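Model, not experiment: these values are computed from the prediction.
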Amino acid sequence: MRHLLATLAGKAVKTVAKLRGGGSALPGLVAEKIDPNFLPRTLGNLPQGVVVISGTNGKTTTTKMVVELLQGQGLKVFTNRTGSNFTRGVVAAVLGETTIGGTLDADVAVLELDEAHAVHFVKLVAPRYCLLLNVMRDQLDRFGEIETTAGFLRQIAAATTEAVVLNREDPRIATLAESVTAERVHYFGLAPQLRVMFPNDDDMRSGGAGDASDLPAADVVLAACEGASATFTVGSRTIDAELKLTGVYNIYNAAAALALARTVVGADVDEDALLDSLEAVTPAFGRGESLTVNGKPLDLVLVKNPAGFRLALRSFPPAGFSTMIAINDNYADGRDMSWLWDVDFDSLAAAGVAEVSGVRANDMALRLFYEDVPVRHVDTDLSASLHRFIELEPDAPKRIYCTYTAMLALRRELGKLTEVEVVS
């Protein structure tokens with residue numbers, strides 16, 4: 001009865017919140033208050049169990065890939081597609097998919113979870129599978145030192161019951177194998193020549209890639225990538241793929257998604273269907289998402305730490321594009337923006353930056369000044385800056401590098417000008 005009441009009340013609050021244009025986690029709060037065991041009751045009996053995806057970078061895009069890969073294998077997949085990756089956000093997403101009676105029509109749940117909040121989630125619902133991507137110096141004002149984040153991920157690995165998929169290239173992730181109680185540990189990784197493109201946190205500070213001679217064997221290896229073309233070694237096979245995803249970091253995430261999907265499906269995996277699904281995946285909202293404004297492309301590229309920003313700048317050459325950078329420091333972005341000084345912006349020097357905006361626009365402009373990158377306008381008002389950015393060069397393709405809350409605000413403004421996918 002409590003579960004039914006929680007479902008009905010949560011659904012009612014979700015409907016009201018949606019009509020008011022927000023409140024994605026509020027229905028979850030209401031449902032949890034009524035039934036603290038709402039999640040285990042709803043997710044505990046799924047035939048293929050629960051899959052948790054966590055780590056500092058790449059959770060949203062990797063989750064989207066895994067969902068589509070598993071759907072291509074014929075599975076019904078539930079996911080928290082809003083990117084609300086706190087426990088209450090997951091509850092709210094569940095409420096949107098359950099019947100009035102509280103039943104979820106799915107074979108498997110694939111959930112993106114914030115590193116810290118995943119620890120609370122796995123105490124409620126033990127995942128059958130997990131994928132742990134990386135540990136970077138990200139939002140230190142929330143989590144403290146990098147070892148704290150690694151500790152959160154260690155608890156996720158220890159709570160997983162059947163199989164854990166780890167990034168062998170990140171030493172803090174690879175060593176989590178020592179904490180695993182699940183039956184199996186699988187890895188994804190890089191060919192040696194690509195390691196310099198994807199530095200882990202230690203590599204960024206040492207100035208080069210570490211020794212790869214003692215790395216464990218990986219189920220899926222990214223062997224080569226050029227633009228949207230990628231070559232993967234999958235078991236004993238070599239697979240060439242033409243992806244719709246943009247950015248080298250998303251291509252590496254594809255290796256992670258392949259490894260996890262193959263682990264979940266097991267021996268019955270249809271490899272050809274897996275490749276077809278992978279080639280059809282489009283970027284998650286704001287993660288290399290390309291919109292059309294005035295007949296020209298406008299790309300939104302999420303950035304939130306030095307490694308991600310460096311890879312983004314490497315993935316998207318600035319020539320021929322008008323560039324904007326929007327930096328906020330709200331809670332979801334992290335309040336400490338000192339990491340901007342760990343990013344090399346010299347690639348932007350030739351073309352310059354048309355607009356710098358967001359709450360920390362002046363900090364960003366100062367960083368660019370010391371890199372000798374010319375900046376045309378600095379404006380903390382995101383809306384005014386966006387409209388000027390579009391109006392001053394209407395015929396140029398555009399690219400905006402933005403932190404999370406800046407990206408959400410920009411998408412809302414862009415929704416007034418062009419078709420933007422509604423994620424609710």
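Atom CG of Leu302 is separated from atom OG1 of Thr61 by 8.5 Å, given to the nearest 0.5 angstrom. The distance from the CG atom of Asp114 to the CD atom of Glu112 is 8.5 Å, given to the nearest 0.5 Å. One finds the CG atom of Asn134 at 6.0 Å from the CG atom of Asp170 (value rounded to the nearest 0.5 Å). Atom-to-atom distance recorded for Ser54:OG and Ile156:CD1 is 4.0 Å, nearest 0.5 angstrom. Summarising the geometry, atom CD belonging to Gln48 is positioned 11.5 Å from atom CD belonging to Gln73; distances are rounded to the nearest 0.5 Å. With rounding to the nearest 0.5 angstrom, the CZ atom of Phe309 is 5.0 Å from the CG atom of Leu313.
Asp240 and Thr231 form a side-chain donor-acceptor contact under 3.5 Å, judged by distance and modelled atom types alone. Under 3.5 Å, the side chains of Thr282 and Lys64 contain a donor-acceptor pair of N or O atoms. One side chain, Ser229 or Glu242, offers a donor N or O that lies under 3.5 Å from an acceptor on the other. For the residue pair Asp299 and Ser290, a side-chain donor N or O sits within less than 3.5 Å of a side-chain acceptor on the partner. The closest side-chain donor-acceptor pair between Ser277 and Glu68, if any, does not fall under 3.5 angstrom. With 3.5 Å as the limit, one finds a donor-acceptor pair spanning the side chains of Asn328 and Thr405.
Checking side-chain atoms of Arg314 against main-chain N and O of Met197 turns up a donor-acceptor pair under 3.5 Å. For the pair Lys416 (side chain) and Arg412 (backbone), a donor-acceptor distance under 3.5 Å is absent. Under the 3.5 Å distance criterion, the side-chain polar atoms of Asp107 are matched with a main-chain donor or acceptor of Lys76. Using a distance-only test at 3.5 Å, with no hydrogens or angles considered, no donor-acceptor pair links the side chain of Thr403 to the main chain of Ile327. A donor-acceptor pair under 3.5 Å is formed between the side chain of Arg168 and the backbone N or O of Leu190. In this structure a side-chain-to-backbone donor-acceptor pair under 3.5 Å is missing from Arg154 to Glu178. Here the side chain of Asp381 pairs a donor or acceptor atom with the backbone of Ser383 at under 3.5 angstrom. Between the side chain of Lys398 and the backbone N or O of Ala396 there is at least one donor-acceptor pair closer than 3.5 Å. Although no hydrogens or angles enter the test, the distance criterion places a donor-acceptor pair under 3.5 Å between the side chain of Lys304 and the main chain of Thr56. With Arg335 contributing its side chain and Asp329 its backbone, the two residues share a donor-acceptor pair below 3.5 Å.
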Q: Take Leu311 and Phe198 through the side chain to side chain contact (heavy atoms under 4.5 Å, CB included) test and state the conclusion after the steps.
A: CA-CA 8 Å; Leu311 284 172; Phe198 301 90; 4.1 Å; yes
**Q.** Worked verdict on Glu279 versus Lys244 for salt bridge (charged side-chain N to carboxylate O under 4.0 Å, His left out)
**A.** CA-CA 6 Å; Glu279 291 187 322; Lys244 290 185 171 63; over 6 Å; no
Q: Determine, step by step, whether Arg411 and Glu289 satisfy the salt bridge (charged side-chain N to carboxylate O under 4.0 Å, His left out) criterion, reporting the C-alpha distance in whole Å, the side-chain angles of both residues, the deciding distance to 0.1 Å, and the verdict.
A: CA-CA 10 Å; Arg411 288 181 95 256; Glu289 178 182 28; 3.0 Å; yes
Q: Given side chain to side chain contact (heavy atoms under 4.5 Å, CB included), test Phe188 with Leu131 step by step and report yes or no.
A: CA-CA 10 Å; Phe188 67 97; Leu131 167 63; 3.7 Å; yes
Q: List the steps and the verdict of side chain to side chain contact (heavy atoms under 4.5 Å, CB included) for Val50 and Arg128.
A: CA-CA 6 Å; Val50 173; Arg128 187 175 296 183; 5.9 Å; no
**Q.** Verdict with reasoning, Leu274 to Val269, per side chain to side chain contact (heavy atoms under 4.5 Å, CB included)
**A.** CA-CA 8 Å; Leu274 208 61; Val269 66; 4.0 Å; yes
Q) Which is it for Tyr252 and Asn167 under the side chain to side chain donor-acceptor pair (under 3.5 Å) test, yes or no, and what are the steps along the way? A) CA-CA 10 Å; Tyr252 188 31; Asn167 178 359; 2.8 Å; yes
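Contact of the Leu300 side chain with the Leu414 side chain is registered, since non-hydrogen atoms from C-beta on lie closer than 4.5 Å. Between Phe78 and Leu111 there is a side-chain heavy-atom pair separated by less than 4.5 Å. At a threshold of 4.5 Å between non-hydrogen side-chain atoms, the residues Asp219 and Val234 do not count as touching. At a threshold of 4.5 Å between non-hydrogen side-chain atoms, the residues Trp341 and Leu366 count as touching.
Screening Lys296, Glu355, Glu393 for a side-chain hydrogen bond (donor to acceptor under 3.5 Å, both in side chains) involving Ser322 leaves a single residue, Glu393.
In this structure, Arg399 is positioned above the aromatic face of Phe321, its NZ or CZ under 6.0 Å from the six-membered ring centre and within 45° of the axis.
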